[in-house]
Amino acid sequence: MPVKKKIRNQFIAESILLLLTGVIIGGVGAKLVVTVLAMFKVKVSLDLFQICMVGLVPLCIGFIASVGPANIAGKKNITTLLRTEYS
């Protein structure tokens, strides 16, 4: 596999990992809020299907948003990027 594809795939894999982490943290947080509200006798329900559907939207949007920068990074010369100093 060419280096440019490896770099692109690494960027996409990193973004998917970050997105999944965010979705998991959000799902656990939502479940905790529902549990606390249930303690105060507030009728709220949250099932696994709802969590999955709410998590699917950010995953799709995040994946689409990460493909462009990943392709740009894959096309750049790595040695030039490593030597360049950003301000």
Hphob cluster co-occupancy, Val44 + Val28, side-chain heavy atoms under 4.5 angstrom
no
Tell me whether Ile12 is reachable from Ile7 by hopping between hydrophobic residues (I, L, V, M, F, W, Y) whose side-chain heavy atoms are closer than 4.5 Å.
no
Can you spot which of Leu37, Val36, Thr35 makes a side-chain contact (heavy atoms from CB on, under 4.5 Å) with Val33?
Leu37
Is it the case that one hydrophobic cluster holds both Val42 and Val34, taking links as side-chain heavy atoms less than 4.5 Å apart, direct or via other members?
yes
Rounded to the nearest 0.5 Å, how far apart are NZ of Lys6 and CG of Asn9?
10.0 Å
Exceeds 12 heavy-atom contacts within 6.0 angstrom, atom CD of Gln50:
yes
Are Leu17 and Glu14 side-chain neighbours, meaning at least one heavy-atom pair lies under 4.5 Å?
no
Taking Ile16 as the starting point, is it possible to reach Phe11 by hopping between hydrophobic residues whose side chains are less than 4.5 Å apart?
no
Contact summary for Lys4 and Lys75, nearest pair of heavy atoms:
NZ-O, 3.5 Å
Using every non-hydrogen atom in the two residues, find where Leu46 and Lys31 come nearest and quote the distance to one decimal.
O-NZ, 3.7 Å
Do Phe63 and Leu59 have side chains that get closer than 4.5 Å, going by heavy atoms?
no
